[in-house]
A.B. asks: 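Okay, handing you the structure first.
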Number of protein chains: 2
Amino acid sequence: MARTTGSDGEKTAAAVREAAVSLIARLGYEAMSMRQLAAEVGVQAAALYRYFPTKEDLLFTLMREHMEGLIEAWGRARPASDDAAVRLAAYVENHIAFHIERRHATHVSNMELRSLSHERLTHILKMRTAYEKELRAILRDGAEAGRFEIDDVGLTAMALIQMMTGVIVWFRPGERLSIHEVTTTYLSMTMRLVGVKTDTREEAHVHEYAQLRA
Amino acid sequence: MARTTGSDGEKTAAAVREAAVSLIARLGYEAMSMRQLAAEVGVQAAALYRYFPTKEDLLFTLMREHMEGLIEAWGRARPASDDAAVRLAAYVENHIAFHIERRHATHVSNMELRSLSHERLTHILKMRTAYEKELRAILRDGAEAGRFEIDDVGLTAMALIQMMTGVIVWFRPGERLSIHEVTTTYLSMTMRLVGVKTDTREEAHVHEYAQLRA
DNA sequence: CTATTAATAAAACGAACGTTCAATTAATTC
DNA sequence: GAATTAATTGAACGTTCGTTTTATTAATAG
């Protein structure tokens, strides 16, 4: 046999990406074989090489697209407000929503970095740094404006990122808590963590904003 | 050749553990070959099987010992105080100190769980759960005693664990911050996160305690 | 000094790996 | 409907993997 009836390059490519994210998240990149991936897609291993020249190219593509998606999502969610608390709330909500929606892809992007070549690792890390820089800017602005109480902006940013991204480790849709409940709780933990000043006029807006997006 | 001059089973076994932790942390369990590990130890691959019957046995042993060490360390560090804030401070300090001291082993224990058999995975997860349960108990006590302000004990515990363990991802000894500075900052972030009540008599003790251990 | 045990080397096993290549068939174009 | 292009198969390549077996040497015990 050769070309199969109804075969379509675009559909196969999409199926490969989807199956790869799921398999790598479950087994790990090194543990997943190209034959396993091919079987999941319903195709022979050789067919995969029509879409991705090497296994590492496949991994890199998945990671790059995930990071691009994250940065793009934040670009759309970023509010114009000059109140750091409003921007922080939006950052937290976008981050949690994005990562919960793409648990598998996040797992891959976070856990398989060591399987990239030095060059490609650098590329992915640059994207990640750019994204995290946005959070540091928010925290710095808030601290300078007296809106937050922060000891160390860099440390606080890392702590918040780890805390938020960690949601994907234990969160399972349809269990005890809804995405909305998780987000609300994480939002309030975040605000306490950065020592946001309460009882001011602006504070009401943050809560309004949170309610609005709920 | 066969047995080499000066060879010693105990020393070799220890060297294998140490090299394995380092190699698995750097390359990943699946990516590390037994031949690579043997070369690092300065021995042939077959010699490894005198100490660990399979590659997975080796991984499991490393993880189990790491978790045992963590639980044991907390057993020694756990204060008798019935003030939840004091106990929380001790938990945070012990957790960060332990994980920074064993960055590689922590990496292995957190990242390579999927390479364990179901049975062994369960065993490790039970140990982990037991350890995390201690934190939840502290948070619950503090919340019930009105010492903390917590929305959801389970969520807060996970958030704190992720935040604290995340230190190993970016912390490098000898860089901008010392272990002590990191711990101090994380301690204050933790206390704010759980909404600890300030300006009480007990609060002074927490700070005293932190200073004492610095 | 001899017998025994501990620790290793050397070689080999079958299986699985990522990848390539040639052949083959489906879809599309003219 | 013939020619071309797109998509895939099936088989094979060389390499590496975890592991086993056997032989060999160092250390130890009697």
A.B. asks: Please state whether the phosphate of D:dC17, meaning OP1 or OP2, lies under 4.0 angstrom from any side-chain nitrogen or oxygen of B:Ser33.
C.D. replies: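 Checking D:dC17 against B:Ser33, a side-chain N or O does come within under 4.0 Å of OP1 or OP2.
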
A.B. asks: A:Tyr49 has an atom OH; how far is it from atom P of C:dT20, in whole Å?
C.D. replies: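 One finds 7 Å between P of C:dT20 and OH of A:Tyr49, rounded.
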
A.B. asks: Of B:Gln44 and A:Tyr29, whose nearest nucleotide on DNA chain C comes first from the 5' end?
C.D. replies: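 Here B:Gln44 is the residue nearer the 5' end.
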
A.B. asks: Between B:Thr185 and A:Asp151, is any side-chain donor less than 3.5 angstrom from a side-chain acceptor?
C.D. replies: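 B:Thr185 vs A:Asp151: no donor-acceptor pair found between side chains.
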
A.B. asks: Let me confirm one number: the CZ-CG distance from A:Arg192 to B:Leu193, rounded to the nearest 0.5 Å.
C.D. replies: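 One gets 6.5 Å once the value is rounded to the nearest 0.5 Å.
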
A.B. asks: Let me spell it out: for each of B:Glu10 and B:Arg35, pick the nucleotide of DNA chain C with the closest heavy atom. Which residue's pick is nearer the 5' end?
C.D. replies: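 On the 5' side of the pair lies B:Glu10.
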
A.B. asks: Please give, in whole Å, the distance from D:dT15 P to A:Met34 CE?
C.D. replies: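 Atom-to-atom, A:Met34 to D:dT15, this comes out as 20 Å.
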
A.B. asks: Expressed in angstrom and rounded to an integer, what is the separation of B:Leu58 atom CG from D:dT19 atom C1'?
C.D. replies: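 For the pair B:Leu58 CG and D:dT19 C1', the rounded distance is 14 Å.
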
A.B. asks: When the distance from CZ of B:Phe52 to C1' of D:dT20 is rounded to whole Å, what number comes out?
C.D. replies: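 Atom CZ in B:Phe52 sits about 19 Å away from atom C1' in D:dT20.
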
A.B. asks: Tell me the interatomic distance from A:Tyr51, atom OH, to D:dA6, atom P, rounded to whole angstroms.
C.D. replies: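 Atom-to-atom, A:Tyr51 to D:dA6, this comes out as 11 Å.
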
A.B. asks: State which of C:dA26, C:dT8, C:dT19 makes the closest approach to the side chain of A:Thr5.
C.D. replies: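 Comparing C:dA26, C:dT8, C:dT19 against the side chain of A:Thr5, the answer is C:dA26.
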
A.B. asks: Does a side-chain N or O from A:Thr12 land closer than 4.0 Å to OP1 or OP2 of D:dT8, or not?
C.D. replies: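 The answer is yes; a side-chain N or O of A:Thr12 sits under 4.0 Å from OP1 or OP2.
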
A.B. asks: Rounded to the nearest Å, what distance is computed from the CG atom of residue A:Leu48 to the P atom of nucleotide D:dT9?
C.D. replies: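 Going from A:Leu48 (CG) to D:dT9 (P), I get 9 Å.
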
A.B. asks: What is the distance from atom CE of A:Met111 to atom CE of A:Met63, rounded to the nearest 0.5 Å?
C.D. replies: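 So the CE of A:Met111 and the CE of A:Met63 are separated by 10.5 Å.
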
A.B. asks: Nearest to the B:Thr54 side chain among C:dA9, D:dT19, C:dT19, which nucleotide is it?
C.D. replies: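 The answer is D:dT19.
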
A.B. asks: I want to verify a distance call: between D:dT8, C:dT19, C:dA9, whose nearest atom is closest to the A:Lys55 side chain?
C.D. replies: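 Output: C:dT19.
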
A.B. asks: Does the side chain of A:His99 come under 3.5 Å of the side chain of A:Thr165 through a donor N or O and an acceptor N or O?
C.D. replies: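 There is no such pair between these side chains.
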
A.B. asks: Rounded to whole Å, how long is the line connecting atom CZ of A:Arg50 with atom P of C:dG18?
C.D. replies: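 My rounded result for the distance is 21 Å.
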
A.B. asks: Go through it in stages, so that I can follow the logic: the residues are A:Tyr131 and A:Trp74, the test is ring pair (Phe, Tyr, Trp, His ring centres under 6.0 Å), and I'd like the CA-CA distance, side-chain angles, deciding distance and then a yes or no.
C.D. replies: CA-CA 8 Å; A:Tyr131 173 71; A:Trp74 169 238; 7.3 Å; no

A.B. asks: Rounded to the nearest Å, what distance is computed from the CG atom of residue B:Leu37 to the P atom of nucleotide D:dG18?
C.D. replies: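 Distance, rounded to whole Å: 10 Å.
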
A.B. asks: The side chain of B:Ala46 lies closest to which of these nucleotides: D:dA7, C:dA11, D:dT9?
C.D. replies: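 That would be C:dA11.
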
